[in-house]
Novice: 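Once you've had a glance at the structure underneath, I'll fire off some questions.
The figures that follow rest on heavy atoms only: side chains count, while hydrogens, waters and symmetry mates do not. One-based numbering along the sequence shown.
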Amino acid sequence: MLQQFKKYIHESCQVKDSAKVLVALSGGADSMVLLHLLSQANIPVIAAHCNFNLRGSESDADEGFVRTQCKHRGIKLYVKHFETKEYAATHKVSIEMAARDLRYTWFNKLIENEGANYIATGHHKDDSIETFFLNLTRGTGIKGLMGIKPKVGNIIRPLLTFTRTQIEEFCKQEHIQYVTDSSNLESVYTRNKIRNKILPLFKQINPSFAETMMQNMDVLSQVEAIKDSSIEAIRNRIVVDQDGEMLISRKHLNELDHLLLFLFDLLKPLTFNSSQIKEIATCLNTKSSGKQFFSRTHRLIIDRFNIIVLPKEEGIDESLFFIDSSVKSITDPLQIDINSNIEAAEYTIKKDSTIGQFDADLLEYPLTVRRWKHGDQFRPLGMKNFKKLSDFFIDQKYSLKQKEDAWLLLSGGDIIWIIGDRGDDRYKITAKTKRVITFQIN
């Protein structure tokens, strides 16, 4: 295993012999094997352990284990505690995304202070396959089906050539101790459901499933490279970059055989979401003009003859997000799971402000999500008359910050839900409702 590891880390991860590596050390089998192999390969290492304070005494026990192991091996260790749940709530991101943001921000500071060259993580072949299926369920282009890359910037994954089983067997052979995160055994998160329920079925069908999947992802990587080359050629031909702005002729765009594919590649990196890009493509196929779209970082204007894409001005928050009927979840501007296939007879209305519950047959797609603005009004659930949102916020004693953070869900121009608060009476579930749709905030 050591010789295979050495070859992979030098050829695929492009690590030089003189490199110094920071190991993200959780204490699990993969990170402990990674630490062991790097040491055996005579690559200078330091270790960093994150205590995310998510599993109580188990998190503290993992920290204690890592401290003992590094002391025994003579490896310099850094440990940092994070208030992960508080960070997730403040930044309105998932726990997984919060943990990722926190650890990589800290890791990058550490390698700068320590003069290290790389951050090494224990991702292995099974993780790459899980990522393939995770992206597949969320909706993705070819890039999302290529699995995990061995090297991205200063992050390397030297164990991608090994499976979880191989890593655990190596632990037994070399008497490498490790801890098991109990949350990995629970099928609560989507990744765990894929790991614990779906992939074992594929392995029953094909015992060489992991190798087959790696071959598939390698082929997709080659297809992606060909596609990128073609897209870049089109971009160079029809996109004009001018003082930080992009100017694109609508005539040239409409002549493309694969308009939507080109727009995805062009606009995804500018943080426009999939629903917005589809709506932009629809607008380009009509004679409409004057419509604007806002991502977190950019503003897109559909003019009469061109589309103009420019950086979003500081302080402007006019983001407009679209949700079409096939969408099962969104991550921008909030993380919301959508269930549109509920029989009303089987549904019990829940007293939970984090769930929007409506008569599915009353909605008009695409739905939109945007900030509130002065003049907005709706019919609060339980009321017969319209009420201005500004008055509603006063009645509900909203603070200035709460008002600034308020998002609205709209159908056909009607506000149907102040997200996380009151719904609109016109779209409520009644005795006549046949199908229910729910929007669950994560």
Side-chain angles (χ1 to χ4, degrees), residues 89 92-94 137-139 190 273-276 278-279 282 293-294 317-398 402-442:
K92 297 181 180 179
V93 296
S94 67
T137 60
R138 291 172 173 170
T190 304
N273 64 44
S274 300
S275 296
Q276 286 178 303
K278 289 178 182 177
E279 182 69 12
T282 300
F293 296 83
F294 295 84
D317 194 359
E318 298 181 47
S319 307
L320 185 63
F321 301 87
F322 293 89
I323 305 173
D324 61 41
S325 58
S326 63
V327 171
K328 301 300 180 187
S329 65
I330 62 171
T331 56
D332 288 319
L334 303 168
Q335 287 200 318
I336 298 177
D337 291 329
I338 304 168
N339 190 344
S340 58
N341 296 311
I342 305 173
E343 294 293 329
E346 300 175 358
Y347 187 74
T348 302
I349 296 175
K350 298 172 179 61
K351 294 182 179 180
D352 187 344
S353 61
T354 66
I355 304 175
Q357 310 161 88
F358 308 101
D359 187 323
D361 295 316
L362 297 179
L363 302 189
E364 180 181 336
Y365 290 91
L367 306 178
T368 52
V369 177
R370 65 165 172 82
R371 293 289 193 188
W372 80 284
K373 53 191 178 185
H374 289 285
D376 279 339
Q377 59 179 358
F378 78 134
R379 274 179 51 186
L381 188 64
M383 296 181 63
K384 294 183 179 180
N385 298 320
F386 282 91
K387 193 178 191 71
K388 288 184 177 180
L389 260 65
S390 55
D391 294 334
F392 178 83
F393 290 152
I394 292 172
D395 292 347
Q396 298 301 311
K397 295 181 170 55
Y398 269 50
Q402 286 175 312
K403 286 193 284 186
E404 289 177 348
D405 290 343
W407 287 95
L408 309 177
L409 178 66
L410 295 88
S411 169
D414 291 337
I415 298 167
I416 68 171
W417 188 29
I418 301 173
I419 297 176
D421 199 333
R422 191 77 62 88
D424 189 288
D425 195 78
R426 293 167 295 174
Y427 293 85
K428 68 183 179 183
I429 300 166
T430 68
K432 296 180 180 179
T433 300
K434 296 180 180 179
R435 290 189 310 116
V436 170
I437 184 169
T438 63
F439 300 82
Q440 171 72 64
I441 301 173
N442 286 328

Novice: Measuring from atom OG of Ser275 to atom CG of Asp332, what distance do you get when rounded to the nearest 0.5 angstrom?
Specialist: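 Spacing of OG (Ser275) from CG (Asp332) equals 10.5 Å.
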
Novice: Does any N or O in the side chain of Gln335 come within less than 3.5 Å of the main-chain N or O of Val93, such that one atom is a donor and the other an acceptor?
Specialist: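 No, because the side chain of Gln335 does not come within donor-acceptor range (under 3.5 Å) of the backbone of Val93.
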
Novice: Indicate, with yes or no, if the rings of Phe322 and Tyr365 have centres closer together than 6.0 Å.
Specialist: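 Ring centres of Tyr365 and Phe322 not closer than 6.0 Å.
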
Novice: Just wondering, do Ile429 and Phe358 contact through their side chains at under 4.5 Å, heavy atoms?
Specialist: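 A side-chain contact under 4.5 Å is absent here.
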
Novice: For Phe439, which of Val369, Leu334, Leu367 qualifies under side-chain contact (heavy atoms from CB on, under 4.5 Å)?
Specialist: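 Between Phe439 and the candidates, side-chain contact (heavy atoms from CB on, under 4.5 Å) is satisfied uniquely by Leu367.
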
Novice: Salt bridge between Asp424 and Lys387, side-chain N to carboxylate O under 4.0 Å?
Specialist: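 No.
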
Novice: Can you establish whether the number of heavy atoms outside Lys388 located under 6.0 Å from its atom NZ is more than 12?
Specialist: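 12 or below, so no.
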
Novice: Salt bridge between Asp376 and Lys373, side-chain N to carboxylate O under 4.0 Å?
Specialist: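 Salt bridge flag = no for Lys373 with Asp376.
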
Novice: What's the shortest heavy-atom distance between Asp405 and Lys92, and which atoms?
Specialist: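 Of all heavy-atom pairs spanning Asp405 and Lys92, the closest is CB-NZ, 3.3 Å.
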
Novice: Is there a side-chain contact between Thr368 and Ile323 (heavy atoms, below 4.5 Å)?
Specialist: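 In short, these two side chains do not touch, never coming nearer than 4.5 Å.
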
Novice: Can you measure from CZ (Arg371) to CG (Leu320) and round to the nearest 0.5 angstrom?
Specialist: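 So the CZ of Arg371 and the CG of Leu320 are separated by 13.0 Å.
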
Novice: Please walk me through it: do Ser329 and Asp337 pass side chain to side chain contact (heavy atoms under 4.5 Å, CB included)?
Specialist: CA-CA 4 Å; Ser329 65; Asp337 291 329; 3.5 Å; yes

Novice: If you round to the nearest 0.5 Å, how far is CG of Leu362 from CD1 of Ile416?
Specialist: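 Here the interatomic distance stands at 9.5 Å.
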
Novice: Test side chain to side chain contact (heavy atoms under 4.5 Å, CB included) on Arg370 and Leu410 and set out the steps.
Specialist: CA-CA 8 Å; Arg370 65 165 172 82; Leu410 295 88; 3.6 Å; yes

Novice: Taking the six-membered ring for Trp, are Tyr427 and Trp417 closer than 6.0 Å centroid to centroid?
Specialist: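 Not close enough - the centres of the two rings lie 6.0 Å or further apart.
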
Novice: So which atom in Arg379 and which in Arg426 form the shortest heavy-atom distance, rounded to 0.1 Å?
Specialist: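 Taking every non-hydrogen atom into account, NH1-CG, 3.6 Å.
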
Novice: Using modelled atom types and a 3.5 Å cut-off, is there a donor and acceptor pairing between side-chain atoms of Asp425 and backbone atoms of Gly382?
Specialist: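 Flag set: sc Asp425 to bb Gly382 pair under 3.5 Å.
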
Novice: Hey, is Asp361 close enough to Arg435 for a salt bridge, meaning N to O under 4.0 Å?
Specialist: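 Salt bridge flag = yes for Arg435 with Asp361.
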
Novice: Should we say atom CG of Asn385 is surrounded by more than 12 heavy atoms from elsewhere, each under 6.0 Å from it?
Specialist: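 No, CG of Asn385 has 12 or fewer neighbouring heavy atoms, counting only those of other groups under 6.0 Å.
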
Novice: To the closest 0.5 Å, what do you measure between OG1 (Thr438) and CG (Asn339)?
Specialist: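 The distance works out to 4.5 Å.
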
Novice: Show the nearest heavy-atom pair for residues Asp324 and Lys278, with the distance to one decimal.
Specialist: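 Taking every non-hydrogen atom into account, OD2-NZ, 3.7 Å.
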
Novice: Assess the residue pair Asn442 and Ile336 against the criterion (side chain to side chain contact (heavy atoms under 4.5 Å, CB included)); give the C-alpha distance rounded to whole Å, side-chain angles, the decisive distance to 0.1 Å, and a yes or no.
Specialist: CA-CA 6 Å; Asn442 286 328; Ile336 298 177; over 6 Å; no

Novice: Hey, could you give me the OG/CD1 distance between Ser353 and Ile419, rounded to the nearest 0.5 Å?
Specialist: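 Result: 12.0 Å between the selected atoms.
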
Novice: Taking the ring centre of each residue, are Phe321 and Phe294 less than 6.0 Å apart?
Specialist: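 Ring centres of Phe294 and Phe321 not closer than 6.0 Å.
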
Novice: Would you indicate whether the side-chain heavy atoms of Ile418 and Leu389 approach each other to under 4.5 Å?
Specialist: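 In contact.
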
Novice: Would you compute the distance between atom OG1 of Thr137 and atom NZ of Lys328 and round it to the nearest 0.5 angstrom?
Specialist: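 Between atom OG1 of Thr137 and atom NZ of Lys328 there are 12.5 Å.
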
Novice: Would you say that Leu363 contacts Ser411 through its side chain, given a criterion of any heavy-atom pair below 4.5 Å between the two side chains?
Specialist: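 Yes, their side chains come closer than 4.5 Å.
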
Novice: So, Gln396 side chain and Phe393 main chain: donor-acceptor pair closer than 3.5 Å or not?
Specialist: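 Pair absent, no side-chain N/O of Gln396 close to backbone of Phe393.
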
Novice: Verify whether one side chain among Gln440 and Thr354 offers a donor that lies under 3.5 Å from an acceptor in the other.
Specialist: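 Checked: Gln440/Thr354 side chains pair up, N/O donor to acceptor below 3.5 Å.
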
Novice: Phe392 pairs by ring pair (Phe, Tyr, Trp, His ring centres under 6.0 Å) with which of Trp372, Phe386, Phe378?
Specialist: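 With Phe392 as partner, ring pair (Phe, Tyr, Trp, His ring centres under 6.0 Å) holds for just one option, Phe378.
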
Novice: Keeping the roles fixed (side chain from Ser340, backbone from Ile437), state whether a donor-acceptor pair exists under 3.5 Å.
Specialist: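 Here the side-chain-to-backbone pair does not exist.
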
